[in-house]
Participant: 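Can you keep this structure in mind? I'll have questions shortly.
Values below: every heavy atom of this structure, side chains too, minus hydrogens, waters and symmetry copies.
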Protein chains: 2
Amino acid sequence: MTARPTLADVAARAGVSASTASLAFSGSGPVSDATKERVLAAAAELGYAGPDPRARSLRRGRSGIVGVVLEERVRSAFLDPVKIRTLDGIADGIAPLGAALLLLPFIGGESEGATIEDAPVDAVVLIGCSPRVEHSLEILRRRGIPTVAIEGGPTGDDVPDISIDNRDATRRGAEHLRSLGHRDVGVVTLPFDAERTSGPVDAALEARASTQVTIERLQGARDVFPTAPAVAAATSSIEDGRLAALLLLADGSGRALPAEARPTAIIAQSDLLAAGVIHAAEELGLAVPGELSVVGFDGIRVDGLRHDLTTLDQPSTDKGRAAGEAVVRLLAGEPATSLAFTSTLHLGDTTAPPAR
Amino acid sequence: MTARPTLADVAARAGVSASTASLAFSGSGPVSDATKERVLAAAAELGYAGPDPRARSLRRGRSGIVGVVLEERVRSAFLDPVKIRTLDGIADGIAPLGAALLLLPFIGGESEGATIEDAPVDAVVLIGCSPRVEHSLEILRRRGIPTVAIEGGPTGDDVPDISIDNRDATRRGAEHLRSLGHRDVGVVTLPFDAERTSGPVDAALEARASTQVTIERLQGARDVFPTAPAVAAATSSIEDGRLAALLLLADGSGRALPAEARPTAIIAQSDLLAAGVIHAAEELGLAVPGELSVVGFDGIRVDGLRHDLTTLDQPSTDKGRAAGEAVVRLLAGEPATSLAFTSTLHLGDTTAPPAR
DNA sequence: CGAGCCGCCCGAATCGATTCGAGCGCCCGC
DNA sequence: GCGGGCGCTCGAATCGATTCGGGCGGCTCG
């Protein structure tokens, strides 16, 4: 017999009915020890590998899988330590469910296979703040799948959003710089739109911005330094942070601008970007924090960075865990509410009073 | 009506049978345009969100999901750029299937939910070379799930293994060092076992090693430098590479050993480790490559590293893609064979003749 | 000694979609 | 005018497990 044995085969061999065999496996029903043992023995003889998860999930109505929608390709999503921490938190939060995580590409791709339109998931977590959140929400709502967003911007009452105080936190970082005496401050921002336009931020770019987090953090900086020049990075990476910083600190030929023509401090919207800013400063021969103060955002430990970065420590893992817990509550039929975490300013060794 | 509508509801509303409605959705059968349109209209009115993936997968026998077993927790797995590239390659390779990736924790955990014992997957890719591969293979074999391993060590005829020439490649790197004149060479290795024991490598540790890749690469180094001292890192990370290198280069008080007491070159088993080695050298005031040559492995671009690392460029993405394509073949009923890729020595600026 | 209760097992319905073979008009050609 | 062929639709079986209500013994208590 080449076909895999089914529960019915096992039951027949054990001389019991399929229903009894099922009970014996799930262990929930009233089955005598003798019978259970006989069923398990029969299963072992036939090489039965347990109930087919597909059939079980059809009958039970649950698949034991939670989908995670990444706003980007797998490749880039996992280069971001914040996302990884968040994922880890989610895995932690849904642990009581014993569910696995299904990576779902953002929709709009041409893939004919599993997307949020058509994936056997019990619930979905949307990570990130892509412009597609609206579209995704609509599909999930129609499918009736419980959904939780992380930094999803305005969702609906039915979709809890887990976020942090992006604007307020950045403002506190900016105020720290102002209290040190800084007046000329530059900003290196996360991408503004799905096209990841990089370079100096102007009104046009701000107008078509679709990334909530970028805007909120920029507003926080502008609350304190209304005229701060900003440069957008293409991705949240060290290299793109370095490139963006060079636009603020160097002239076209790659030499440092004179002191009076460059900012004395840079607010980076992520720690990876901040690490790139520091690299750029070192490359230009500018001491950190002596000639340039740097503030980051995230509170990750950048592998290989030898500074104790002054940054806004956000609870990424907690955010993920909260999202996971919200999923658990939704699946239990309980209401789950949106939640905003607070970031704390960590004072490292990358900020100091300006030289001049 | 609060319950989600089913295909039968749609069919009833459209005045056709369920079978016809099904054909109208899948688009494969001979259905008149008028009927199809009527069905789709009825679906729209009822807010039908497409066929239930659970039921479909039960009937079709396929779920459209490919499992990926990570040897570690999600957290650590995704900190490794090689794994990320591999994952990306897998996603690429299985694209024709249009399948999503299900992250499966390694087994042995107490999680009651989805594991490889019980997950609705059509196929599985085992990444990494954990000692649990054997156990995983047994379960998957019993379940009759097509499986592909990546660096899985000895599998069976039924499980293709995608690997690279770890030993031979490392040997070529070592020969490059020897041809430059190096005689005293140290090795910084990947972890040896599941406990991630770190520190100097001795016979006892080698004896209980369970990680195939580590051993093969160490053998390659020993082929050229039989007595090379080796230090194991706890993880493949910059920081652990730095710590391991310090054991080879510095004394207990954190000062560089005299030139005659330390190696003139270090072979690191990954690029992240190599980056850490370079950091350690700079910290000790040793010039790279002047006073210390460094060879890495992987060929990734380490974010933030300002050297052009001499390394063994392995086709990580290709490996993943090959695994994905093997999955596609297995699912098509075709045989898939093991495959070994070749790494190429990339000559960067981190190797030079020894100073003495 | 009999009635009731309890523990254990079975039968049958159900989850929702897919698929195969059969049936039914209708048109065309002979 | 009639039979064959073709295009579309329907019924019913099927995928494999779960679950609920019922029934059948055996034991206990009055």
Participant: In whole angstrom, give the distance that lies between atom CZ of Arg54(B) and atom C1' of dT14(C).
Facilitator: 14 Å

Participant: Indicate yes or no: does Arg56(A) engage Asp118(B) in a salt bridge with an N to O separation below 4.0 Å.
Facilitator: yes

Participant: Please determine if a side-chain N or O atom of Tyr48(A) lies less than 4.0 Å away from the OP1 or OP2 oxygen of dG16(D).
Facilitator: no

Participant: If I take atom CZ in residue Arg56(B) and atom P in nucleotide dG16(D), what distance separates them, rounded to the nearest angstrom?
Facilitator: 18 Å

Participant: Over all strands shown, is Pro51(A) touching base, sugar-phosphate only, or nothing at heavy-atom distances under 4.0 angstrom?
Facilitator: sugar-phosphate

Participant: For the side chain of Ser32(B), starting at C-beta, report the closest nucleotide among dC8(D), dC10(D), dT18(D).
Facilitator: dC8(D)

Participant: Strictly distance-based, threshold 3.5 Å: is any side-chain N or O of Thr317(A) a donor or acceptor partner for the main-chain N or O of Thr86(A)?
Facilitator: no

Participant: Compare the minimum distances between each of dG11(C), dG16(C), dT19(D) and the side chain of Ser17(A), then state the nucleotide with the smallest one.
Facilitator: dG11(C)

Participant: Looking only at side chains, do Ser17(B) and Thr20(B) share a donor and an acceptor under 3.5 Å apart?
Facilitator: yes

Participant: Of Ala34(B) and Pro53(A), whose nearest nucleotide on DNA chain D comes first from the 5' end?
Facilitator: Ala34(B)

Participant: Figure out the CG/P separation between Asp33(A) and dG7(C), and round it to whole Å.
Facilitator: 14 Å

Participant: What is the distance from CZ of Arg38(B) to P of dC8(D), rounded to the nearest Å?
Facilitator: 14 Å

Participant: Under the 3.5 angstrom rule, does the side chain of Thr211(B) hit a backbone N or O of Val213(B) as a donor-acceptor pair?
Facilitator: no

Participant: Without decimals, in angstroms, what is the distance between Leu7(A) CG and dC15(D) C1'?
Facilitator: 13 Å

Participant: Is Asp193(A) reaching over with its side chain to a backbone N or O of Ser210(A), donor-acceptor style, under 3.5 angstrom?
Facilitator: no

Participant: Between Ser19(B) and Val16(A), just flag the one whose closest nucleotide in DNA chain C comes earlier from the 5' side.
Facilitator: Val16(A)

Participant: Could you give the CZ-to-P distance, from Phe25(B) to dT18(C), as a whole number of Å?
Facilitator: 9 Å

Participant: Just how far, in rounded Å, is P of dC15(D) from CZ of Arg60(A)?
Facilitator: 21 Å

Participant: Starting at CZ of Arg59(B) and ending at P of dG16(C), how long is that distance when rounded to a whole Å?
Facilitator: 16 Å

Participant: Please compare Thr20(B) and Leu58(B) by the position of their nearest nucleotide in DNA chain D and report the one closer to 5'.
Facilitator: Thr20(B)

